[in-house]
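Here is the structure we will look at, set down as structure tokens.
In what follows, chains carry the letters A, B, and so on, assigned in the order in which the sequence lines appear, proteins first and then strands, with residues in each chain numbered from 1.
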Amino acid sequence: MLKVFNTITNTKEDFIPLAEKKVRMYVCGVTVYDYCHIGHARSSGVFDVIRRYLLYKGYDVTFVKNYTDIDDKIIKRSAEAEIDWRELTAKFIAEHDADMDALNILHPDLTPKATDYIKQMIEMCQNLIEKGFAYESGGDVYYRVAEFKEYGKLSHRKLEDMMAGARIEVNDNKENPYDFVLWKASKPGEPSWESPWGSGRPGWHIECSVMSEDLLGLPFDIHGGGKDLVFPHHENEIAQSEAACGCMFSKYWIHNGFVNINQEKMSKSLGNFFTIRDVLKEFDAEIVRYFLMTTHYRSALDFSQDHLLEAEQSLNRIYTMLDEINRFQAGKKGLDVSEDAKKMFDAFKEKFDAAMDDDFNTPIALAAMFEVIRETNRLLSSKPNKIGFPVLQEAVKEVFEIINNVLGIIKYTPVQWFKANLSITEEELNKKIQARAEAKREKDFEKADSIRQELKEQGVELLDTVDGTIFRAVKIRNF
RNA sequence: GGCGACGUGGCCGAGUGGUUAGGCAGCGGCCUGCAAAGCCGUGUACCCGAGUUCGAUUCUCGGCGUCGCCUCCA
């Protein structure tokens with residue numbers, strides 16, 4: 001039974017979708033005014049794995065992730081750059097998609113944009129005004145938080161408590177400082193749409209309420225995003241949607257933890273963020289993706305170069321095993337490892353499923369994978385025979401199909417992985433390997449070792465095996 | 001000020017009321033011309049104090065420390 005931690009109840013709950021075998025999920029996407037950073041990578045990676053695991057479990061998943069393509073920052077940024085806001089958002093939507101593709105994030109089923117839903121947002125405002133949950137004031141429309149009795153139920157706080165320590169800006173248009181804007185009157189020159197309250201544009205939270213309802217219907221199963229969206233974004237979405245429809249909005253609320261830099265939250269306002277593309281210049285996307293999965297999704301993830309290097313080492317270990325099994329030649333003599341291989345697969349599957357069922361515990365899922373790696377290496381060194389080896393090969397293949405499908409890593413072949421960083425041509429390399437073999441034949445070990453050393457400095461490691469010398473190229477980094 | 005999370009071996013990072021996490025790095029051995037890789041073996045780990053218990057890293061209370069939300073943010 002899959003269990004998920006639900007923010008709204010603060011407990012791990014059995015996952016029972018509203019409609020059998022069907023999961024409808026909505027994840028808050030990005031406001032498209034800049035390049036995506038590692039925090040976006042984490043959130044996207046986390047929900048990608050959740051989605052993939054639900055698919056693996058046999059659910060029919062509808063996955064929606066939006067683009068917020070109108071807001072203050074977009075207006076500000078386009079004014080600074082002196083380009084049309086539509087051009088700015090189109091650019092960063094494309095850049096976002098490129099980053100997501102690089103990280104092997106499956107494309108959402110639906111990717112609505114806020115500005116395609118202006119009409120429905122206005123309708124929701126009108127609906128809320130009619131029901132007394134919203135009011136017009138000075139051309140703006142505000143949500144009346146005091147009217148929604150359950151306000152605070154997601155972030156587990158009470159309106160009175162918040163008022164006590166309020167350090168929120170005073171706004172004369174508002175009845176209550178925690179009232180938030182649904183519709184904002186526009187200033188001259190700003191992007192705007194006609195509305196019953198004059199020309200204006202939508203507030204921040206309403207687009208998600210409108211788009212999720214339109215595409216998934218209410219209620220739906222999972223609503224997700226980063227922890228920082230719990231308040232106010234998701235709290236406000238609940239207030240809007242549940243007041244408007246008089247029904248539940250989302251059954252499960254899933255939030256991923258932050259990415260930290262030196263124990264401190266990575267954020268735009270602190271300016272301590274790394275963009276995905278900057279990191280990808282130095283590290284293969286698979287290293288980044290693997291790194292994201294080494295920590296449980298709700299914990300803070302400390303981002304650093306050292307951790308990425310460590311992740312790379314771990315991947316090297318995985319690809320080394322895959323390389324060795326590909327290269328292995330089974331003979332007539334040796335051990336029949338059929339039973340061991342089957343046992344290995346069964347043990348993996350059991351541990352992997354249990355880990356992922358327990359609120360998507362990817363670190364344990366990875367541990368299950370490393371147990372397969374150790375066991376396979378062990379079986380390979382016991383020289384499996386022609387009967388058992390194909391069984392072992394099949395077991396490993398199936399393990400890595402699961403890893404690839406659910407975690408979205410190990411998508412290369414070992415040959416691709418170890419060649420990716422080759423700094424010299426293969427032809428050149430093969431010449432040197434031959435020269436070294438020659439020297440070895442003549443017992444000129446000094447020469448052989450100097451060739452090996454020379455290549456090592458160029459990032460190519462040579463390994464002597466029974467079937468000859470093979471190479472592994474590592475990326476040379478000058479930090 | 002209000003609310004909340006966390007503190008695990010050299011580093012990262014799961015987890016549990018008594019029995020192996022896993023990765024990276026280290027050490028010893030096997031293998032190797034030497035290496036590398038791999039395998040085997042190896043580390044007085046659970047912030048401090050009190051309590052509950054036959055037994056607590058795991059539960060309760062208190063303390064210390066770190067971090068987060070309450071303002072734009074994945």
Side-chain angles (χ1 to χ4, degrees), chain A residues 10 27-31 33-34 36-47 65 71-73 76 152 155-158 160-169 177-178 204 224-233 235 255-260 263-270 273 290-291 294-296 298-302 304 306-307 309-318 320-321 323-324 351 355 358 361-371 373-382 440 443-446 448-449 452-453 456 461-466 469-472:
Chain A
N10 242 326
V27 174
C28 286
V30 295
T31 301
Y33 69 101
D34 205 347
C36 289
H37 57 67
I38 293 297
H40 297 115
R42 183 174 198 199
S43 187
S44 307
V46 161
F47 287 100
K65 176 174 166 178
D71 99 315
D72 289 352
K73 294 182 293 290
K76 185 166 172 253
S155 52
H156 306 289
R157 58 189 82 189
K158 295 193 180 87
E160 309 94 85
D161 295 343
M162 289 194 285
M163 305 290 277
R167 48 183 178 121
I168 199 162
E169 65 179 293
Y178 279 92
W204 174 32
K227 249 181 190 157
D228 45 356
L229 297 184
V230 173
F231 190 92
H233 188 52
E235 193 68 64
H255 294 97
N256 64 277
F258 296 130
V259 175
N260 285 176
Q263 331 285 346
E264 214 179 28
K265 178 185 167 183
M266 175 190 288
S267 78
K268 296 230 165 151
S269 48
L270 291 171
F273 63 90
Y290 174 90
F291 166 67
T294 57
T295 302
H296 182 88
R298 281 189 285 122
S299 306
L301 174 68
D302 210 49
S304 73
D306 283 352
H307 291 162
L309 290 169
E310 226 180 66
E312 182 175 38
Q313 285 302 104
S314 301
L315 287 170
N316 283 340
R317 176 165 162 83
I318 299 164
T320 296
M321 184 281 274
D323 193 31
E324 299 203 339
K351 184 168 177 178
D358 186 13
N361 196 327
T362 51
I364 293 202
L366 290 174
M369 176 193 70
F370 278 106
E371 277 157 28
I373 288 166
R374 198 196 315 107
E375 181 63 7
T376 302
N377 281 329
R378 196 182 294 154
L379 293 175
L380 283 177
S381 57
S382 73
K440 275 177 67 180
K443 304 269 186 229
D444 185 353
F445 294 120
E446 209 170 296
D449 288 351
R452 188 168 60 193
Q453 184 57 30
K456 194 175 179 178
E461 281 184 325
L462 296 187
L463 289 75
D464 293 333
T465 73
V466 281
T469 299
I470 62 168
F471 70 87
R472 280 167 194 166

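- Pairing for G4(B) goes to C67(B), judged as Watson-Crick or G-U wobble with the two contacts each under 3.5 Å.
- Within the 4.0 angstrom heavy-atom criterion, only backbone atoms of the sugar-phosphate kind lie near Gly29(A); the bases stay farther away.
- Here the P atom of nucleotide U16(B) and the NZ atom of Lys351(A) are 13 Å apart, to the nearest Å.
- G55(B) is unpaired under the Watson-Crick or G-U wobble criterion, no partner having all donor-acceptor distances under 3.5 Å.
- Nucleotide C24(B) is matched to G10(B) when pairs are restricted to Watson-Crick or G-U wobble geometry with both distances under 3.5 angstrom.
- A45(B) and G4(B) have their P atoms separated by 34 Å, with the value rounded to a whole Å.
- In Lys268(A), the NZ atom is crowded: over 12 heavy atoms of neighbouring residues, nucleotides or ligands sit closer than 6.0 Å.
- Spacing between C27(B) and A21(B) at atom P, rounded to whole Å, works out to 22 Å.
- When distances run from any side-chain atom of Tyr178(A) to the nucleotides G38(B), C70(B), C12(B), the shortest one goes to C70(B).
- For C39(B), the OP1/OP2 oxygens have a side-chain nitrogen or oxygen of Asn377(A) closer than 4.0 Å.
- Judged by atom type and distance alone, Asp302(A) does not reach the base of C12(B) through any side-chain donor-acceptor pair under 3.5 Å.
- Scanning atom types as modelled, one donor and one acceptor separated by under 3.5 angstrom connect the side chain of Arg452(A) and the base of A35(B).
- Which of A21(B), G33(B), A74(B) sits closest to the side chain of His37(A) comes down to A74(B).
- Nucleotide G43(B) forms a pair with no other nucleotide shown, judged by Watson-Crick or G-U wobble geometry with both contacts under 3.5 Å.
- With C1' as the reference atom, U20(B) and C46(B) are 16 Å apart, rounded to whole Å.
- When the nucleotides C69(B), G38(B), G13(B) are ranked by their closest atom to the side chain of Thr295(A), G13(B) comes out on top.
- The interatomic distance linking Arg378(A) (CZ) with G41(B) (C1') rounds to 13 Å, in whole Å.
- Distances from the side chain of Asp161(A) to the nucleotides A14(B), G2(B), A74(B) place G2(B) closest.
- Put simply, the side chain of Ser269(A) and the base of C72(B) share a donor and an acceptor less than 3.5 Å apart.
- Nucleotides U53(B) and U60(B) have their P atoms positioned 16 Å apart, rounded to a whole Å.
- The NZ-C1' distance, from Lys456(A) to C34(B), rounds to 12 Å in whole Å.
- Out of C70(B), G15(B), C34(B), the shortest distance to the side chain of Ile364(A) is found at G15(B).
- A side-chain donor-acceptor contact under 3.5 Å links Glu235(A) to the backbone of Ser155(A).
- A 3.5 Å limit on both hydrogen-bonding distances identifies no Watson-Crick or G-U partner for G17(B).
- One atom, CD of Gln263(A), and another, P of C67(B), lie 8 Å apart when rounded to the nearest Å.
- Applying the 3.5 Å distance criterion, the base of G68(B) shares no donor-acceptor pair with the side chain of Asp228(A).
- The same atom, P, is picked in C40(B) and in C24(B); the two are 13 Å apart, to the nearest Å.
- Under the Watson-Crick or G-U wobble criterion, with both distances below 3.5 Å, A37(B) has no partner in any strand shown.
- Spacing between atom NE2 of His255(A) and atom P of C69(B) amounts to 14 Å, rounded to whole angstrom units.
- Atom P of nucleotide U32(B) and atom CZ of Phe445(A) are separated by 13 Å, given to the nearest angstrom.
- Between C11(B) and A25(B), the two C1' atoms lie 8 Å apart (nearest whole Å).
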Can you build the contact string for nucleotides 23-30 of chain B? Use B for base contact, S for sugar-phosphate-only contact, and - for no protein heavy atom under 4.0 Å.
BSS-----
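- Nucleotides A14(B) and A37(B) place their P atoms 27 Å apart, quoted to the nearest Å.
- Taking the side chain as every heavy atom from C-beta outward, His307(A) and Asp302(A) approach each other to under 4.5 Å.
- Between the side chain of Thr469(A) and the backbone N or O of Thr465(A), no donor-acceptor pair lies under 3.5 Å.
- Side-chain contact between Arg374(A) and Arg317(A) is present, with at least one heavy-atom pair separated by less than 4.5 Å.
- Residues Asn256(A) and Ser43(A) have side chains that bring a donor and an acceptor to within less than 3.5 angstrom of each other.
- Whole-Å rounding puts the Asn260(A) CG to A74(B) C1' distance at 13 Å.
- Between His40(A) and Phe273(A) the shortest side-chain heavy-atom distance does not fall below 4.5 Å.
- A donor-acceptor contact shorter than 3.5 Å links the side chain of Thr320(A) to the backbone of Asn316(A).
- Phosphate proximity of C69(B) to Lys265(A): present, with a side-chain N or O under 4.0 Å from OP1 or OP2.
- Look at A50(B): its Watson-Crick or wobble partner, with both distances under 3.5 angstrom, is U60(B).
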